[in-house]
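Below is one structure, written out as structure tokens; comments come after it.
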Amino acid sequence: MKTIDELLAEGVTGKRVFVRADLNVPLSGTTITDDGRIRAVQPTVEKLAAAGARVVVASHLGRPKGAPDPAFSLAPAAARLGELLGTGVAFATDTVGESARATVAALTDGKVAVIENLRFNAGETSKDDAERGAFADQLAELADVYVGDGFGAVHRKHASVFDLPARLPHAAGDLIATEVGVLKKLTDDVQRPYAVVLGGAKVSDKLGVIDHLLERADRILIGGGMAYTFLKAQGHEVGSSLLQEDQIPVVLEYLRRAEEKGVEFVLPVDVVVAPAFPDLKTKAPAHPATVAADAMPAGQMGLDNGPETNKLYASKLADAATVFWNGPMGVFEHPDFAEGTRAVAQALVDSSGFSVVGGGDSAAAVRILGFDENAFGHISTGGGASLEYLEGKTLPGLAALED
Ligand SMILES: Nc1ncnc2c1ncn2[C@@H]1O[C@H](COP(=O)(O)OP(=O)(O)OP(=O)(O)O)[C@@H](O)[C@H]1O
Ligand SMILES: O=C(O)[C@H](O)COP(=O)(O)O
């Protein structure tokens with residue numbers, strides 16, 4: 001992969017450089033609750049601007065349905081990037097339309113523009129090569145050079161991640177270089193015991209990584225929304241908790257293989273439940289109750305690990321030489337369900353092993369809960385992306401940058 005410094009050495013002054021970032025930040029309305037992913041791409045944008053490039057920053061945000069949706073506008077992220085750069089940024093209210101073309105045409109050397117959410121266009125995420133390609137062609141008209149630096153999205157075979165770099169001279173940004181450098185350590189030369197903590201809400205996306213981890217990890221700790229498919233598979237009531245019912249045979253097989261291979265597979269022994277998903281805007285009291293994991297009342301929703309689980313997980317992480325953690329242990333955005341996530345973060349801070357925290361919300365969680373970023377070995381901007389990297393999968397957004 002060409003590095004950004006090699007690209008700069010070739011000269012970018014006056015060139016339009018398209019930076020595919022991952023500005024998929026957590027929002028409460030239009031307020032950014034954690035700007036970590038914006039700060040993570042800032043050095044690449046600054047380097048390019050300082051070298052006189054006309055920088056066009058693009059990203060997805062959330063999962064809109066291929067059409068404009070104000071709830072998923074990138075405007076707040078663009079404004080924050082402008083503040084961080086100290087120069088402001090121009091903002092195009094569409095992605096490849098009149099506003100984008102005019103905004104990019106008006107850029108002068110060293111200035112930065114952000115275009116609207118890539119996923120407002122069906123072509124971005126289309127499974128049809130031709131549809132994706134057609135959208136990539138439109139994006140390519142906005143730029144002379146492509147820089148891939150949205151590590152959090154490199155596992156997506158999307159137009160801006162995979163098809164666009166094939167159409168333009170390309171390089172990898174500094175964030176991608178750093179992320180890949182750290183994750184390589186976990187695949188090439190992992191120090192043992194190696195513990196992996198998995199949680200979060202993208203259960204169907206992430207269950208598959210366990211197949212690979214059973215060959216690599218010494219301990220696998222499950223929490224968050226992922227736990228309930230396992231508890232259900234063991235025959236327990238899970239009420240209205242997040243559940244991937246069709247994956248029950250798969251997770252039963254994981255449990256069987258873990259036993260056969262001597263991989264310690266740890267599930268919650270108690271959970272915090274509530275009658276409904278909490279209101280994250282008002283943070284109104286959610287009426288939580290702690291119950292044993294094998295005695296969840298029907299009609300209740302599991303929203304966090306319980307205190308006994310927190311102690312158990314801390315003990316399993318205390319002597320780990322390496323820990324990879326993706327996915328919050330509960331709905332940490334609400335104070336009634338933040339303890340499980342806090343407990344895992346604290347266990348990593350207390351342990352002397354090397355810890356990697358990966359994922360948009362996981363990384364946001366440790367910062368929002370007040371932990372010092374430097375207390376962790378590495379905070380990755382990629383959740384699904386880092387898991388798929390660890391699985392050894394070919395990541396479309398990295399493959400597209402190689403040549
Ligand atoms: N028991 C649960 N039920 C429902 N949602 C949960 C539960 N536990 C955690 N979550 C939610 O999971 C979300 C984060 O999950 P996700 O899988 O997106 O992790 P991530 O760190 O953002 O990774 P990625 O970068 O791949 O998105 C949080 O918003 C949190 O509220
Ligand atoms: O948050 C993430 O993991 C990345 O921004 C990718 O988002 P996606 O899972 O919606 O593709």
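Whatever order the structure lists ligands and atoms in, that order sets their numbers, starting from 1.
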Is it the case that ligand 1 has an N or O less than 3.5 angstrom from some N or O of Gly383? yes
Subset of ligand 1 atoms that lie under 4.0 Å from at least one heavy atom of Gly302: 1 (N), 2 (C), 3 (N)
Taking non-hydrogen atoms only, is Leu387 closer than 4.0 angstrom to ligand 1 via side chain, backbone, both or neither? neither
If you draw a 6.0 Å radius around CD in Glu215, do more than 12 non-hydrogen atoms from other residues or ligands fall strictly inside? yes
Counting only heavy atoms from other residues, nucleotides and ligands, does the tally under 6.0 Å from CD of Glu6 exceed 12? yes
Is there a side-chain contact between Leu221 and Leu267, using heavy atoms and a 4.5 Å cut-off? no
Shortest non-hydrogen contact between Val238 and Lys232, atoms and distance: CG1-N, 3.8 Å
Give me the residue, atom name and distance of the protein heavy atom closest to atom 25 (O) of ligand 1. Gly360 N, 2.8 Å
Identify which of Val357, Asp22, Asp361, Leu242 has a heavy atom lying nearest to atom 14 (C) of ligand 1. Asp361
In the protein, what heavy atom is nearest to atom 28 (C) of ligand 1, and what distance, to one decimal place, separates them? Glu333 OE2, 3.3 Å
Out of all atoms in ligand 1, which are within 4.0 Å of some heavy atom of Gly224? Include the element for each. 1 (N), 8 (N)
Answer with yes or no whether Gly152 contacts ligand 1, where contact means a heavy atom under 4.0 Å from a ligand atom. no
Output the list of atoms in ligand 1 that are nearer than 4.0 Å to some heavy atom of Gly200, sorted by atom number. 12 (O), 15 (O), 17 (O)
Any non-hydrogen side-chain atom of Arg367 less than 4.5 Å from a side-chain atom of Ile379? yes
Any idea which protein heavy atom is nearest atom 5 (N) of ligand 1, and the distance to it? Val331 CG2, 3.7 Å
Taking a cutoff of less than 4.0 Å between a non-hydrogen atom of the residue and any ligand atom, is Arg37 in contact with ligand 1? yes
What pair of heavy atoms forms the shortest contact from Gly359 to Asn326, and how long is it? CA-ND2, 3.7 Å
Between His170 and Leu168, what is the shortest heavy-atom contact and its length? ND1-O, 3.0 Å
With heavy atoms under 4.0 Å as the rule, classify the contact between Tyr228 and ligand 1 as side chain, backbone, both or neither. side chain
Within the side chain of Arg216, is there an N or O that forms a donor-acceptor pair under 3.5 Å with the backbone of Thr187? yes
For atom 21 (O) of ligand 1, closest protein heavy-atom neighbour: Ser362 OG, 2.5 Å
So for ligand 1, is Gly384 a polar contact partner (N or O within less than 3.5 Å, distance only)? yes
Is it true that Thr95 and Asn121 share a donor-acceptor pair across their side chains at a distance under 3.5 Å? yes
Locate the shortest heavy-atom distance separating Phe376 from Ser355; write the atom from each residue and the value. CA-OG, 3.6 Å
Closest approach of any protein heavy atom to atom 11 (C) of ligand 1, naming residue and atom: Ala201 CB, 3.8 Å
Looking at Phe265 versus Phe230, is the centre-to-centre ring distance below 6.0 Å? yes
Residue, atom and distance of the protein heavy atom nearest atom 27 (O) of ligand 1 read Lys202 NZ, 2.7 Å
Residue and atom name of the nearest protein heavy atom (relative to atom 23 (O) of ligand 1), distance in Å to one decimal: Lys206 NZ, 2.9 Å
Please tell me if the side chains of Phe18 and Val55 come closer than 4.5 Å, counting only heavy atoms from C-beta onward. no
Arg20 and Ser160: side chain donor to acceptor below 3.5 Å: yes
May I ask you to identify the nearest protein heavy atom to atom 9 (C) of ligand 1, giving residue, atom name and distance to one decimal place in Å? Gly330 O, 3.2 Å
As an exercise, identify every atom of ligand 1 less than 4.0 angstrom from a heavy atom of Asn326. 21 (O), 23 (O)
Determine whether the side chains of Thr381 and Glu179 contain a donor N or O and an acceptor N or O closer than 3.5 Å. yes
Can you establish whether the number of heavy atoms outside Lys184 located under 6.0 Å from its atom NZ is more than 12? no
Atom-level proximity to ligand 2, residues with heavy atom under 4.0 Å: Asp22, Asn24, Arg37, His60, Arg63, Arg119, Gly152, Arg156, Lys202
